[in-house]
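What follows is a single structure, written as C-alpha cells, with notes after it.
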Amino acid sequence: MREEIMEEKEVVKVERTVIQKIVKCNKCGNESKGIDNDGLYDSKFQSISCRFGYGSEYDMESWKFDLCESCLVELIKTFKHVPDGFMLDNSYIIIETKEEHQKVFEE
C-alpha cells in the first residue's frame, strides 16, 4: 500500500557577509583588496603601530599605518643598524654573529 504524504519544509537561506577592505600603503599609495579574515589581508602589506609616552614630542599619541613590502624594505635600508631577523630566513648565507649580519646588511 502506498500513501501520499505531503510535508511542508521550510527552506532557510543562509547569507554570508563578506567584508572587503582595501589596504593602502601610506608611503607610496599602492593598494590591495583583501577579504577580512581575522584581521589578515594581503601578506605583502605590514601594519605598523607605535605609541608615544609622556615627555615625548608626540606625547600620548598613537600612530598606525600600513606599508607595502617595497616601502618597508626601503625604509629599513636607511637604518644604521640591522633589525633582528632582517633577511635571515630568505638568505642562504650562514651568519653566525651580529657583526656578520651587520656587514651583510650594509652591503
Can you tell me how far the CD1 atom of Ile48 sits from the CG atom of Asn26, to the nearest 0.5 Å? 10.0 Å

Just list the side-chain donor-acceptor pairs under 3.5 Å for residues 54-67, sequence neighbours left out, or say none.
{"unit_1": "Ser56", "atom_1": "OG", "unit_2": "Tyr58", "atom_2": "N", "d": "3.0"}
{"unit_1": "Glu61", "atom_1": "OE1", "unit_2": "Trp63", "atom_2": "NE1", "d": "2.8"}
{"unit_1": "Asp66", "atom_1": "OD1", "unit_2": "Ser47", "atom_2": "OG", "d": "3.4"}

SG on Cys68 to CD on Gln46, rounded to 0.5 Å: 10.5 Å

